[in-house]
Amino acid sequence: MSIPFFPDRWRLLFTRRTAIRFLLITAGAVIQGFAMAVFLFPHAIPSGGGAGIAVLLNHAFGLPMSFGLWFANTIFLVFTVQYLGSISAFGTVYVITVTSVSVNFFEVFVDPPFKNVWIDLLFGSVILGTGVAMLIRQRVSNGGIGFVALAIYKYKGINPGTSLFWMNGIIFALTAYVIDWKIIILAVGCQWMSTRIINWIHQFPAPKTTYAPAWRKK
């Protein structure tokens, strides 16, 4: 007599995989927030379009970086959720929220260890790239502006990397114009180093776990 599968075992394996994925997404968002709060934001270095708007809101209105980051990314998400579905949007909202809470926590309780813009840029970019790579490997967007790029690709056929580059570039340029022109150099440097880390981590194959049906012989 053969038994094709054990429902309880499959339920346990599914729960375990879901919990591991949830923990990895949470860890990636926290690491991203740590890099922003401790190394990048003290020098007004935007790591992306949403972070650039957060820097501008902080400069113009004194809004906390954490709230500005959450607000900017959520606005991007609201305008594109109808094009990409609510399930993916829920994951992105979770990442945005955890990142913003992490930024607020680390800004309050952790002092920047170096306080040198170039050293902070290096460490911040590497740590940021690590966090974003963890999110990408779990197929979750790290911000709302990425959703905009995906929506443009879906309906206009423009490569997401191209549209993301131009959107981020415009926000970086505006931030540099309002605050300090050296910011655009720092922002581009952050993008360049963090994407190298993302590509390096992303090239490693994800661990594959296959669950074959359990068979029992007589």
Side-chain angles (χ1 to χ4, degrees), residues 21-112 120 124-125 127-136 138-152 160 163-164 167-172 174-175 178-179 183 186-187 190-191 194 198:
R21 188 182 182 198
F22 174 79
L23 290 174
L24 288 173
I25 291 172
T26 303
V30 171
I31 291 171
Q32 178 179 239
F34 175 76
M36 291 178 179
V38 177
F39 297 102
L40 302 177
F41 282 166
H43 304 286
I45 303 174
S47 58
I53 293 177
V55 171
L56 284 171
L57 292 174
N58 176 263
H59 178 78
F61 305 107
L63 290 179
M65 290 287 196
S66 56
F67 178 77
L69 183 69
W70 182 88
F71 177 78
N73 280 299
T74 301
I75 291 297
F76 284 130
L77 193 61
V78 166
F79 282 102
T80 53
V81 64
Q82 59 181 320
Y83 303 107
L84 297 171
S86 57
I87 295 179
S88 297
F90 176 79
T92 303
V93 167
Y94 176 75
V95 169
I96 292 169
T97 302
V98 172
T99 300
S100 300
V101 171
S102 300
V103 168
N104 184 71
F105 175 84
F106 290 122
E107 282 183 333
V108 173
F109 294 104
V110 178
D111 293 325
D120 286 345
S125 300
I127 296 172
L128 177 73
T130 302
V132 174
M134 291 176 65
L135 296 173
I136 291 175
Q138 300 305 315
R139 300 180 181 180
V140 176
S141 171
N142 69 311
I145 196 168
F147 248 54
V148 177
L150 291 174
I152 292 174
S163 58
L164 195 59
M167 286 188 291
N168 282 338
I170 291 171
I171 295 172
F172 291 162
L174 179 60
T175 305
V178 172
I179 302 176
I183 287 177
L186 298 172
C190 177
Q191 289 276 295
S194 61
I198 292 168

Subject >> Pairing residues for F79 by the ring pair (Phe, Tyr, Trp, His ring centres under 6.0 Å) criterion, not counting sequence neighbours >> reply: none

Subject >> Gap between atom OG1 of T92 and atom CD1 of I25 - 0.5 Å precision >> reply: 9.5 Å

Ignoring hydrogens and angles, write down the donor-acceptor pairs under 3.5 Å from the side chains of residues 70-77, residues two or more places apart or on other chains.
residue	atom	partner	partner atom	Å
W70	NE1	T97	OG1	3.4
N73	OD1	G144	N	2.9
N73	ND2	L69	O	3.0
T74	OG1	W70	O	2.6

Subject >> Non-neighbouring partners of T175 that pass side chain to side chain contact (heavy atoms under 4.5 Å, CB included), sequence neighbours left out >> reply: V55, L56, I171, I179, I183

**OP:** For F105, enumerate each residue passing the ring pair (Phe, Tyr, Trp, His ring centres under 6.0 Å) test, keeping only those at least two apart in sequence or located in another chain.
**Re:** F109

**OP:** Search all heavy atoms of L24 against all heavy atoms of M134 and return the closest pair with its distance.
**Re:** O-CE, 3.7 Å

Subject >> Inter- and intrachain pairs under side-chain hydrogen bond (donor to acceptor under 3.5 Å, both in side chains), touching residues 52-64, at least two apart >> reply: none

Original post:
Hey, what do you get for CE (M167) to CD1 (I152), rounding to the nearest 0.5 Å?
Top reply: 4.5 Å

**OP:** Let me see the working for N104 and F67 under side-chain contact (heavy atoms from CB on, under 4.5 Å), right down to the final yes or no.
**Re:** CA-CA 8 Å; N104 184 71; F67 178 77; over 6 Å; no

Original post:
Do the side chains of L128 and C190 get nearer than 4.5 Å, heavy atoms only?
Top reply: yes

Subject >> By ring pair (Phe, Tyr, Trp, His ring centres under 6.0 Å) - contacts of F61 (at least two apart) >> reply: none

Subject >> Spatial distance of atom CD1 (I198) from atom CD (Q191) [nearest 0.5 Å] >> reply: 8.0 Å

Less than 3.5 Å apart, which donor and acceptor atoms pair up between the side chains of residues 27-51 and the rest of the protein, not counting sequence neighbours?
residue	atom	partner	partner atom	Å
Q32	OE1	N142	ND2	3.0
Q32	NE2	T99	OG1	2.9
H43	NE2	D120	OD2	2.7

